[in-house]
Amino acid sequence: MKVTTAALPLLPLFQRLLPDLPGLPGLRGLPAIPGLPAIPGLPSIPGLSDVAALPGRLTGLSLTLLKASALEAAILAGHLLLYPSGIIQERRPAQALRPTDANAPQPSPPAPRLPAPASPPVVLLHGFIDNRSVFLLLRRSLAQHGRHEIESLNYSPLTCDIRTAAELLGRHVEEICERTGNERVDVVGHSLGGLIARYYVQRLGGDRRVRTLVTLGTPHAGTKVVPLANAHPIVRQMRPGSPVIEELTRPAPGCRTRFVSFWSDLDHVMDPLETACLDHPDLSAENVRVSGIGHLALPVHPAVATGIRQALDTAEPDTGAETGTGPGKPAGGLTVA
């Protein structure tokens with residue numbers, strides 16, 4: 001389920017403790033431990049002897065990094081417990097059945113449709129090998145502050161193509177608009193979910209339906225983390241220079257969607273960190289830096305939830321085909337204590 005990513009929350013901690021320890025491809029033998037004779041014929045592993053210096057490094061670690069690593073581990077444990085509850089697709093309101101018998105009484109003319117609420121529905125889209133359970137706290141926060149139309153979309157963990165997932169999102173959005181009477185929706189995507197939503201907006205005409213797209217730790221320019229995960233096709237699509245990433249760099253004139261990208265300075269699933277920032281000359285994009293938390297905390301931390309609500313509530317009025325005046329501009333930052 002999360003075997004390949006389970007250690008990622010603690011990756012920055014390991015890197016600080018053992019900065020010179022090479023990756024798996026560099027393992028060539030046993031180390032020469034200071035004070036003990038070397039083992040003949042076996043070369044040492046550079047950096048592994050730093051294990052002896054761990055007590056000293058522990059005292060010098062940043063308190064922020066320690067807190068963020070502990071929080072990531074706690075969130076991962078909690079999310080693994082909640083994961084089964086989000087496997088099943090969210091239930092949709094039942095559609096009214098039409099009578100098929102010719103002698104059955106015909107329904108009265110439908111009542112005039114009420115005006116759509118000022119706040120459009122919010123669609124939540126999870127990340128890689130995840131499901132809608134990751135948005136439990138964010139959904140509650142949005143509902144408590146007046147967002148009553150909130151829906152989550154599960155795409156299959158077997159999905160191997162971002163384009164296919166974006167088409168599924170498009171059908172889901174059309175169904176929501178038809179059912180609720182809204183012309184547009186807001187979308188919040190975590191990690192890969194933000195990239196899927198962006199592809200829908202930019203490449204499949206989704207800007208007609210998506211008013212604001214909020215991304216949380218999304219590799220807009222591709223991430224190089226965990227090279228061993230390249231066996232999965234969708235991970236290869238998230239690499240820098242992949243065909244999908246290249247498509248998203250193409251011109252997108254007249255895009256009507258406003259983008260708000262939250263990125264964290266302790267998000268080590270993003271390599272480099274700035275890949276979670278969105279910078280495109282044709283897009284109205286704001287980048288919000290979050291300090292003090294990691295990748296898994298972005299969709300669950302209350303301070304980030306407040307920032308998401310503000311981003312959705314202060315969305316600029318629909319101006320047709322106008323684009324933003326400051327693509328890639330910063331929108332302040334959040335510091336999580």
Exam field: side chain Ser191 to backbone Gly127, donor-acceptor pair closer than 3.5 Å: no
Tyr155-His126 aromatic ring centre distance below 6.0 Å: yes
Test item: Thr164 side-chain N/O and Cys160 main-chain N/O as donor-acceptor pair under 3.5 Å: no
Closest heavy-atom pair and its distance - His220, Thr215: NE2-OG1, 3.0 Å
Closest non-hydrogen atom pair, Arg139 against Ser152: NH1-OG, 3.2 Å
Passing candidate, side chain to side chain donor-acceptor pair (under 3.5 Å) with Asp207, options Arg256, Gln202, Arg258: Arg256
Ion pair Lys67/Glu72, N-O distance below 4.0 Å: no
Euclidean distance, His268 NE2 relative to Thr223 OG1, rounded to 0.5 Å: 11.5 Å
pair Ile234-Leu192: side-chain heavy atoms closer than 4.5 Å: yes
Val225-Leu273 co-clustered via ILVMFWY side chain contacts under 4.5 Å: no
Test side-chain contact (heavy atoms from CB on, under 4.5 Å) applied to Ile176 and Leu153, Val122, Val123, the passing residue: Val123
Distance (rounded to the nearest 0.5 Å) between Leu213 CG and Leu278 CG: 8.5 Å
Heavy-atom donor-acceptor pair, Thr249 side chain to Glu246 backbone, under 3.5 Å: yes
Leu216 side chain reached by Ile308 side chain, heavy atoms, under 4.5 Å: yes
Short side-chain donor-acceptor distance under 3.5 Å, Ser264 and Asp267: no
For Phe135 against Pro299, the heavy-atom pair lying closest together: CE2-CB, 4.1 Å
From Arg309 atom CZ to Leu142 atom CG, the distance as rounded to the nearest 0.5 Å: 7.5 Å
Salt bridge (Lys or Arg N to Asp or Glu O under 4.0 Å) pairs, two or more places apart, involving residues 224-240: none
Candidate pair Tyr200 and Val173, rule side-chain contact (heavy atoms from CB on, under 4.5 Å), full reasoning: CA-CA 10 Å; Tyr200 165 60; Val173 169; 3.8 Å; yes
Residues Leu195, Ile245; criterion side-chain contact (heavy atoms from CB on, under 4.5 Å); working and verdict: CA-CA 9 Å; Leu195 203 60; Ile245 297 297; 4.2 Å; yes
Any donor-acceptor pair under 3.5 Å from Thr314 side chain to Gln310 backbone: yes
Stepwise side-chain contact (heavy atoms from CB on, under 4.5 Å) test for Glu151 and His172: CA-CA 10 Å; Glu151 300 198 19; His172 184 69; 3.9 Å; yes
Straight-line distance of Gln237 CD to Ile196 CD1, nearest 0.5 Å: 9.5 Å
Nearest non-hydrogen partners of Thr159 and Ala165, listed with the distance: CG2-CB, 4.0 Å
Arg163 side chain reached by Arg203 side chain, heavy atoms, under 4.5 Å: no
For Cys277 against Ser261, the heavy-atom pair lying closest together: CA-OG, 4.1 Å
Electrostatic pair Glu175:Arg179 at N-O distance under 4.0 angstrom: yes
Backbone N/O of Leu312 and side chain of Arg211: donor-acceptor pair under 3.5 Å: yes
Straight-line distance of Thr64 OG1 to Ile293 CD1, nearest 0.5 Å: 12.0 Å
Donor-acceptor pair, side chain of Thr212 and main chain of Asp186, under 3.5 angstrom: no
Straight-line distance of Met270 CE to Trp263 CH2, nearest 0.5 Å: 12.5 Å
Shortest non-hydrogen contact between Val214 and Ala311, atoms and distance: CG2-CB, 4.3 Å
Ion pair Asp282/Arg250, N-O distance below 4.0 Å: no
pair Val260-Phe262: side-chain heavy atoms closer than 4.5 Å: yes
Under-4.0 Å salt bridge between Arg208 and Glu174: yes
Under 3.5 Å donor-acceptor, Asn182 side chain and Arg184 backbone: no
Stepwise ring pair (Phe, Tyr, Trp, His ring centres under 6.0 Å) check, His280 with Phe259: CA-CA 10 Å; His280 190 291; Phe259 295 81; 8.7 Å; no
Arg209/Glu183 ion pair, N-O < 4.0 Å: yes
Under the ring-ring contact (aromatic ring centres under 6.0 Å, His included) test, residues paired with His190 that sit two or more places apart: His295
Arg140 and Ile150: CA distance, side-chain angles, deciding distance, side-chain contact (heavy atoms from CB on, under 4.5 Å) verdict: CA-CA 10 Å; Arg140 182 181 302 170; Ile150 307 171; over 6 Å; no
